[in-house]
Q: 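This is the structure, below, for whatever I ask next.
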Amino acid sequence: MRTPGEPAAAVRWRSAMDAALYGPGGFYVRPAGPGPAGHFRTSVHASALYAQAVARLLRWVDAELGRPRELDLVDVGAGRAELLSGVLAALDPETAARVRPYAVERAGRPEGLDARIRWTGEVPEGVTGLLFANEWLDNVPLDVAEDGHYVLVAPDGTESRGGPLEDADRAWLERWWPGGGRAEIGRPRDEAWAAAAGRLERGLAVAVDYAHTRQARPPFGTLTGFRGGREVPAVPDGSCDVTAHVALDACAGPGSVLLTQAEALTALGVSGARPPLALASSDPAAYVRALVSAGEAAELTSRSGLGAFGWLVQPVGVPPWPVAEPEPGPEREFGPEPEFGPEPESGPERA
């Protein structure tokens, strides 16, 4: 036991990250405050077009399943259930009446949430429908390695050298992040995704995150923090989000497709094309609305921002999606996180 005033012992990053994000008073579970949306803005917060696109994907799954009496929609890492609420609002009444929406989240249920949304700490068994994880895996705690040893971290962010890597982590690095230097051991994310997707009986499991692949791992890692809409050092004291990009190729299960968000949203009908100028004369209000929508779509699909996110789409008992595969080429590289600042009107953004 530490005596008063004694510095906290340094621990491996995975333990420190778990305590900072999900322990008592942790960043994601503390009851007061604005929640994640008060610190960063995801695609869900950027535009209602995102939820509408997910609704179209759910309708595709529904058709492939033969329009079952009950259609599951599971949002893993649901935050305040903004995505679920948006999808339900975008669905036609007949489909919405059959949907069983689940918000999987370690924080408590928000007040005033739609009563249809089931709040749970675990992915339910026997999911038939769409399991969607938007920016969840980047917050699954993981260890950091450097030159064959674990990196330890104190609550103030000070790092030190730890013990040698365990066999399972060394094997993961050899397969998925070869070479020396600093690396983030994604094995816990692989296991978390396999466990979540394993609850899917029939349908699609989709993970969306900022990501990288084996051919383009970042040489110094990606571990960072976010607070109040700005990137800050990764300090595991509960005061900020602590996150790292995801090795989505390592997570991919049987039959999975990897594509960028730009490719996925384009396949779902999201387009940043400007409306015809003729509409400005015939219906000025409609032109303005279409122009705003095009701007939002352009942000969601920008290949230097949100559009560079990775989508991992894993089918179970249904055909692969998208039906038309992305164009063949070298292993896909997902773009880096864009720089940003706080946005007074719509809130800060984490891309």
Side-chain angles (χ1 to χ4, degrees), residues 21-22 26 28-29 31 35-37 42-45 48 50-140 189 191-209 246 251 253 256 264 268 311-318 321:
L21 298 181
Y22 307 112
Y28 278 108
V29 298
T42 70
S43 295
V44 177
H45 310 116
Y50 191 76
Q52 293 164 15
V54 175
R56 285 192 285 274
L57 182 58
L58 179 62
R59 286 195 290 268
W60 181 89
V61 172
D62 184 34
E64 292 298 328
L65 294 173
R67 295 182 173 80
R69 184 173 60 86
E70 292 182 326
L71 178 65
D72 295 325
L73 173 60
V74 181
D75 184 5
V76 186
R80 297 294 192 267
E82 298 97 332
L83 178 60
L84 282 176
S85 299
V87 172
L88 289 173
L91 290 172
D92 61 274
E94 188 278 329
T95 304
R98 292 186 289 110
V99 169
R100 292 191 301 181
Y102 292 89
V104 182
E105 181 57 67
R106 294 174 71 168
R109 182 187 181 96
E111 293 184 6
L113 186 64
D114 189 326
R116 292 175 293 176
I117 297 176
R118 299 157 168 84
W119 198 264
T120 176
E122 296 183 355
V123 177
E125 294 275 6
V127 174
T128 300
L130 176 62
L131 182 146
F132 203 89
N134 186 74
E135 295 198 41
W136 167 58
L137 286 172
D138 66 276
N139 288 126
V140 172
R189 277 107 180 260
E191 294 169 351
W193 178 246
R199 299 289 180 95
L200 183 64
E201 194 167 283
R202 289 184 68 213
L204 283 184
V206 180
V208 181
D209 237 305
V246 182
C251 297
S256 294
L268 290 168
W311 278 48
L312 166 59
V313 183
Q314 186 167 322
V316 177
V318 298
W321 185 94

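Since we're looking at a predicted model, the values are computed, not measured. Numbering of residues begins at 1 and proceeds along the displayed sequence.
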Q: Return the set of residues passing salt bridge (charged side-chain N to carboxylate O under 4.0 Å, His left out) with Arg100 (not counting sequence neighbours), or none when no residue passes.
A: Glu70, Asp72
Q: Under the salt bridge (charged side-chain N to carboxylate O under 4.0 Å, His left out) test, which residues partner Asp75, sequence neighbours left out?
A: none
Q: Specify the closest pair of heavy atoms between Trp311 and Val206, including all atoms of both residues, with the distance to one decimal.
A: CE3-CG1, 3.8 Å
Q: Just wondering, do Asp62 and Pro68 contact through their side chains at under 4.5 Å, heavy atoms?
A: yes
Q: What heavy-atom pair brings Pro315 and Leu204 nearest, and what distance separates the two atoms?
A: CA-CD2, 3.6 Å
Q: Could you tell me which residues satisfy side chain to side chain donor-acceptor pair (under 3.5 Å) with Glu64, sequence neighbours excluded, listed by chain and number?
A: none
Q: What pairs with Asn134 under side chain to side chain contact (heavy atoms under 4.5 Å, CB included), at least two apart in sequence or on another chain?
A: Thr42, Val44, Tyr50, Phe132, Val208
Q: Please check if the side chain of Trp119 supplies one atom and the backbone of Ala107 the other of a donor-acceptor pair under 3.5 Å.
A: yes
Q: Ignoring hydrogens and angles, tell me if any N or O in the side chain of Asp209 forms a donor-acceptor pair with the backbone of Leu137 under 3.5 Å.
A: yes
Q: If you take all heavy atoms of Pro124 and Val127, which pair is closest and at what distance?
A: O-CG2, 3.3 Å
Q: Between atom CZ of Arg106 and atom CG of Asn139, what is the distance when rounded to the nearest 0.5 Å?
A: 10.5 Å
Q: Scan the side chains in residues 52-60 for donor-acceptor partners under 3.5 Å anywhere in the protein, sequence neighbours excluded, and list what turns up.
A:
{"unit_1": "Arg56", "atom_1": "NE", "unit_2": "Leu268", "atom_2": "O", "d": "2.5"}
{"unit_1": "Arg56", "atom_1": "NH2", "unit_2": "Leu268", "atom_2": "O", "d": "3.0"}

Q: Considering non-hydrogen atoms only, spot the tightest contact between Cys251 and Leu312 and give its length.
A: CB-CD2, 3.9 Å
Q: Could you list the donor-acceptor pairs under 3.5 angstrom formed between side-chain atoms of residues 86-97 and any protein atom two or more places apart in sequence or on another chain?
A:
{"unit_1": "Asp92", "atom_1": "OD1", "unit_2": "Thr95", "atom_2": "OG1", "d": "2.8"}
{"unit_1": "Asp92", "atom_1": "OD2", "unit_2": "Glu94", "atom_2": "N", "d": "3.3"}
{"unit_1": "Asp92", "atom_1": "OD2", "unit_2": "Thr95", "atom_2": "N", "d": "2.9"}
{"unit_1": "Asp92", "atom_1": "OD2", "unit_2": "Thr95", "atom_2": "OG1", "d": "3.0"}
{"unit_1": "Glu94", "atom_1": "OE1", "unit_2": "Arg98", "atom_2": "NH2", "d": "3.4"}
{"unit_1": "Glu94", "atom_1": "OE2", "unit_2": "Arg98", "atom_2": "NE", "d": "2.7"}

Q: Let me have the donor-acceptor pairs involving side chains of residues 192-202, under 3.5 Å, with sequence neighbours excluded, atom names and distances please.
A:
{"unit_1": "Trp193", "atom_1": "NE1", "unit_2": "Gln314", "atom_2": "OE1", "d": "3.1"}
{"unit_1": "Arg199", "atom_1": "NH1", "unit_2": "Val123", "atom_2": "O", "d": "2.4"}

Q: Please identify each residue that fulfils salt bridge (charged side-chain N to carboxylate O under 4.0 Å, His left out) with Glu122, with sequence neighbours left out.
A: none
Q: Please round to the nearest 0.5 Å and tell me the distance separating atom CG of Leu113 and atom OG of Ser85.
A: 5.5 Å
